[in-house]
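If you're wondering where the values come from, they're calculated on a predicted model, not measured in any experiment. Heavy atoms only: backbone and side chains are in, while hydrogens, waters and symmetry mates are out.
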Amino acid sequence: MGDGGSTERSDRAPLGVAFGAVCSVLAGCAALLGWSTREIALISIARGWPGMVPNAALGFILAGLSLGLLGREGRPAPLRRLGLASAAAVTALALASLAQYVFGWELGVDRLLFPARVDFPSKFPGRPSPNTALGLALIGAALLVLPVQTPRACRRLVRCVLVVVALALTALSGYLLGVGYFYGLPPLFPFTGMPLHAAVALLALSAGILAARPDCGAFAVLMAGAPGGVLLRRLLPFVVLVPLVLGRLFLIGADLGAYPIAASFSLASAVTTLFLGTVLWVSAARLNLLDEARRRAEAERAFLATLAHSSDDAVIGTDLDGTVLSWNPAAERLYGYSAGEVIGRKVSVLYPPEHADKIAADIERLRRGERLDPFEIVGRTRDGTAIDVEIKVSIIADDAGRITGFSGICRDIGRRKAMEAAVERAHAAERRLRSQLEAIGAANVAVSEALASLPRSELRALLEVIALHAKGISGADYAAIGIVEDDRRPFDPWVPCGLAAEEAAQLGTPPRPVGVLGAVARGDRPVRVDDVQAHPDFLGLPRHHPPIHAFLGMPLRFHGRTVGNLYLGKRPGRPPFSEDDERVVALLAERTCGAIEAARLYRSEASERRRLQAVVEQMPEAALLVDAEGRLVTCNRIALQYAIRRAGELDPWGNSLLFDHRRPSGDPVDWSERPMTRALCRGEVVTGTEGLLFRPADGAFVPVLVNAAPVRSERGEIQGAVAVFQDITALRELERQRQEWTGVIAHDLRQPIQAIATASQLLRLRFGVQLAAEGEKQLGRIGASVGWLRRMIDDLLDASRIEARQLTLDCRPVDLRAQLGEILERSAGATAGHAVRLEVQDGVPAVWADPGRLEQIVTNLLSNAARYGEPGRDIVIAVRAEAAGARIAVTNWGRGIAEAVLPHLFKRFSRAPEGGPRRVRGVGLGLYITRGLVEAHGGSISVESTPGATTTFHFTMPFARAAADPAAT
C-alpha cells in the first residue's frame, strides 16, 4: 500500500510542478498579449473587474519560469541559477510595488512596460493591487527557499504558501459570491483589486510549490501516501469549492427574487451542513476500506516474509547505510554466516575488499532512487571461499514513499557459470572446427583445381597445394610431403613448404624414408610427438635444416595402400600439436589422398600413353584408333602413307583422312562391312581378313591383312575401336614362290615314283613265280609306299591349286543317290571294318558337281570317319534337300573331337589329336582340300562333335541349273 502511494506521489509531483508553472506563464502571457492588442478580455476577463497590469503579468511569467527550473531535481547548475534569479526578480518587483503603497514613493516601476497604454482610471496607474503584489512577493520568497533542504526553510516556505493560498481563495470567493471587498480593498484602495486570472495563477503556483516540496510540514500530510493523506487530497477540493459554489448559486436565486437574502444564507448553511455530513460519512467508510486494505497488506507482508524465509535464493535486507537487517536460511547456506553473526554488520563483509568501492557506489545510487539492473559479482563465504553470485537489488520504501532500505536476492551461479564456460568452450570448439572445416573445404577446392590442371601441370604442383594448406590448418611452421615406393630410395617427389628457397637448396637431395620419416612411411597410423628428438627412431636432422620440436607425421592412405606421407613440424618454443590438429590433418589427408592417387595414375597413364604412342609409332603396320563416335583419335606414320585427303570430303564418321579399302578381287568394301565398322558398331573381333589398301605415294593397291577389335570399358561398353593393316606383299611373294616350289617338287617327284613303280612291276613280271615269299612281301611294301607318295603328291598339288585359286572343275548334273552308291562300292577298302549306310531323302534333285571331285570329297570324309571312328560301328551318309541345295552329312561313332580343336580342323596340316594304340598316317591336308573342293562348288562345310558319341561332317552342293555354265569353278 505504501509503495503504491509513494509511486503515485512520485508520478504526480512532476505533473503538479509543470501544471503550476504553465498556468502562471500562460496567465502572464495572456495579459501581456491583451496589453499589446488592447483586448480587455485578456486583461480584465470582464468589464468592471480588476485587470492584470503589465508588471504583475511579468511577475507571473518569471514566477512560472522559476518554478519550472527549481521544482525538479537534477537540473544543471546554470538552469538552477537562472531559476533563482527569476525568483529574486519577482520578489524585488513585488516588494517595490508594496513599498510605493506604504511609503507613498513613486519609483517609476509601474510604467516599465507599455507606458503609453496604461490608461485605466486609478490613483496609481500601472501598479499591481496590494494583495496581488503581496502574493507575488510571498511566491518569490517561497521559490528562493525551495532548493534549501532544511527544516527552517521548510517552515518559511509553508508560511509563505499558506498566506498566498488565503489571499487567492479570498479573491476567488469574492468573484464567485459577487463580493468586491474580497478581491478589492475598499475603502483604502477602491480603485484596484486582484484580477481573476491572477488569483488562479497564484493558486496554481502554490500547488506547484506544494508538489515540488511534498515533505514540508502540513504539505507532508497532504502529499503523504498514508490513508489520511489520500483522504485529504480527495476531499479537500470538495470542501473548499462546494460551499463557494453553493453560496454563489443561492445568491443568484436571491438576486432573481426567488427568496429573500436571509433565506439564501439559511439554505446555504443547511445544504453545506448536509454536504459536510455526507463527506464525513463517506470518509468513515473510506477509512474502513483503507483499514481492511491495511490488514490485507500486513497479511501479504507476512506471506512474503514466509516466502523469503523458505526461498532457495538468499534474501538479504539492509538499511540505507548497507547494514544487514534480515537474513534468511538460504543466505546462511550460501555464505555460511548465521543470522546472529551477520545481522548488524555491513553488507560489504560478504564480498572481497576489492569490491568495496563498487558496493559503496551502488548503495549511493540506490539512495538517490536509481534502479540497479541485476548484476554478477564475486562473493566471499565465511571461510573465505570465493563464489559467483547474481544479485537483484530492490528499494524498500515506507507508506510515505520514503526510501528506508534495500532488499537483495542473491543466487549462487557457480554451476551456471561452469555450464556457461563449458558451453562457451563447446562453442569455441565448434567455431574452431567450423573454421578448420572451411579451411579443409578451401583446401579441397584448391586440390580439385590443381587436379583439374594436371594434364597441364605436374604431380608436384598438387603436392605443393596439399602441403601449403596442411601447414596453414595445423599451424605448423614447416611441412613436407613425399611419395616413395621403396625404402631404399629417396622420396620422389619430395615437396617441402615453409623453407626459404636458399634453405631448401642447402638441404640438397630429398631424404630417404628412414628414422621418424620411415616410421610414418612404414606404419598406417599418425605419429605425433611433442619433441621429435625424444622419438626412439629419431636419427637427427640434416645439415642446414631448421630446428624443429613438435612433430606430426600422417600417412596418406587410399583403399588400404599408402600413396604418400605428410610431415609437419614446429620451431622450438611453439605449442605442440593437439589432438584436434591431428584430427583435422587426418581429415585433410582423407580428403586429398584420392587426389594424390589420381595424380599418380595421371602420371603413370601419361607415361604409359607416351610409351604406347612410341610403340604404335614404331610399328611396321598401319594402326588406327577411333573413339566411340568414330572420330579418328590417332594413327601412326605408316597409316598416314595410306591416307587420302580430298578438299571438303569426309567419311561417314566425319573424318577428313580417307582410306580406300577393297576386297582381294579389287571390289570396294561397303562401309558397313569394313573391319573398323564391324568392330565399333557391332562389337565384332575381325582377324586375318585379306584385302587391298590404296597407297597414294605410288598409286597402287597394296595387299594387306586386316585385324580390328572394339575397345571396351570396364563395364563392357564400347568406347572405340582399333584396326591394324599389315602389308603382306612380301608374304604374298613368298607364298607364290612356295606354291611354285610345291608344284615343281610335286611334278618332279612323279618321275622317280613312276620309275620305282615300273621297276617293281617288271620285277614281278620277270620273276613272278620264282620270287620267294619275302621278295613278294617287299614288292608289296614298295607298291603301297608308291601309292601313298602319289596320294601325298596329289594332295600337295590340289592344295596349291586351291590356294592359287586355279582349281578346275568339270561340273554337270549329278544324281546323288546313284553317284553316292558307286562311290561307296569303290571305297569299300577304305571303310573296311565298318558298315556304311546310305540314307537319301525322297525327291532330292540333281546337284551341279564334278563327279570326280565329289567322289574325292566323299572318299576323304569316309576314310576320315573310318580312321577315327570306333571299330565295328556304322558310318551313315544322310542326304536331304534344303532351299539352297542338297545337304550331305557323314556321321560316325567314336571318341569325338574336342570343342577347342574344331575351329582348326579345316586348316592346312591340321590333324585331330590321336588317342589309343592306333596311329593314323597323313600330313593334315585332307580336310583342307575337302573344304577347298566344297567351296569351289559354291557350297559350305562344317563339323559338329559330341565327345564320346558322334562326329558329323556336313557339306552342301548346289542344285543343277537349267543352263549349266561349263566354266564354273
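- The only option from V585, V520, L568 that meets the side chain to side chain contact (heavy atoms under 4.5 Å, CB included) definition with M554 turns out to be V585.
- The environment of R631 atom CZ is sparse: at most 12 non-hydrogen atoms of other residues, nucleotides or ligands sit within 6.0 angstrom.
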For this session: List the steps, then state whether side chain to side chain donor-acceptor pair (under 3.5 Å) holds for N860 with T930.
Result: CA-CA 7 Å; N860 282 340; T930 301; 3.3 Å; yes
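- In this structure, I728 and V704 have side chains that are not in contact, with every pair of non-hydrogen atoms separated by 4.5 Å or more.
- Scanning for ring pair (Phe, Tyr, Trp, His ring centres under 6.0 Å) contacts around F659 gives an empty result, with sequence neighbours left out.
- The main-chain N or O of D670 is never found under 3.5 Å from a side-chain atom of E673 such that the two would form a donor-acceptor pair.
- Between H661 and P675 there is a side-chain heavy-atom pair separated by less than 4.5 Å.
- No donor-acceptor pair closer than 3.5 Å links the side chain of N655 to the backbone N or O of L657.
- Partner of F491 under the side chain to side chain contact (heavy atoms under 4.5 Å, CB included) criterion, chosen from I481, T509, N565: N565.
- Note: D727 CG to L705 CG = 10.5 Å, rounded to the nearest 0.5 Å.
- I888 CD1 to F955 CZ: the interatomic distance, rounded to the nearest 0.5 Å, is 4.0 Å.
- A 4.5 Å side-chain heavy-atom check between L933 and Q856 finds at least one atom pair inside the cut-off.
- In this structure, the side chain of D850 engages the main chain of D810 through a donor-acceptor pair within 3.5 Å.
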Exercise. Going through the checks in order, is the side chain to side chain contact (heavy atoms under 4.5 Å, CB included) test met by D627 and Q719?
Worked result: CA-CA 6 Å; D627 60 14; Q719 296 181 330; over 6 Å; no
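- Remark: E649 CD is packed, more than 12 non-hydrogen atoms of other residues, nucleotides or ligands lying under 6.0 Å away.
- In this structure, Q506 places its CD atom where more than 12 heavy-atom neighbours from other residues, nucleotides or ligands lie under 6.0 Å away.
- Contact check for I857 versus V934: side-chain heavy atoms found under the 4.5 Å cut-off.
- The salt bridge (Lys or Arg N to Asp or Glu O under 4.0 Å) analysis of residues 653-669, with sequence neighbours excluded, yields the pairs D660-R662.
- No side-chain heavy atom of R489 sits less than 4.5 Å from a side-chain heavy atom of R512.
- Between T687 and V685, the closest side-chain pair of non-hydrogen atoms falls below 4.5 Å.
- None of L468, V584, L587 except one satisfies the side chain to side chain contact (heavy atoms under 4.5 Å, CB included) rule with I473; the exception is V584.
- When side chains are defined from C-beta on, L861 counts as touching L927, because their heavy atoms get closer than 4.5 Å.
- Aromatic rings of F701 and F694 (six-membered ring for Trp) have centroids within the 6.0 Å cut-off, being under it.
- Look at E882 and R880 and you find a salt bridge, because one of the NZ, NE, NH1 or NH2 atoms lies within 4.0 Å of a carboxylate O, short of that distance.
- For R557 and T562, the side-chain atoms include at least one donor-acceptor pair closer than 3.5 Å.
- Within the 3.5 Å criterion, the main-chain N or O of S940 finds a donor-acceptor partner in the side chain of T956.
- With hydrogens and angles ignored, the 3.5 Å screen pairs no side-chain donor or acceptor of Y478 with any backbone N or O of L499.
- Other residues, nucleotides and ligands contribute more than 12 heavy atoms inside 6.0 Å of the CZ atom of R712.
- When side chains are defined from C-beta on, P947 does not count as touching I897, because their heavy atoms never get closer than 4.5 Å.
- Under a 3.5 Å cut-off, the side chain of T677 and the backbone N or O of W671 do form a donor-acceptor pair.
- Taking both residues in full, the closest heavy atoms of A889 and H954 are given as CB-ND1, 3.6 Å, listed atom of the first, atom of the second, then distance.
- Between E684 and R682 there is a salt bridge, since a side-chain N of the basic residue sits under 4.0 Å from a carboxylate O of the acidic one.
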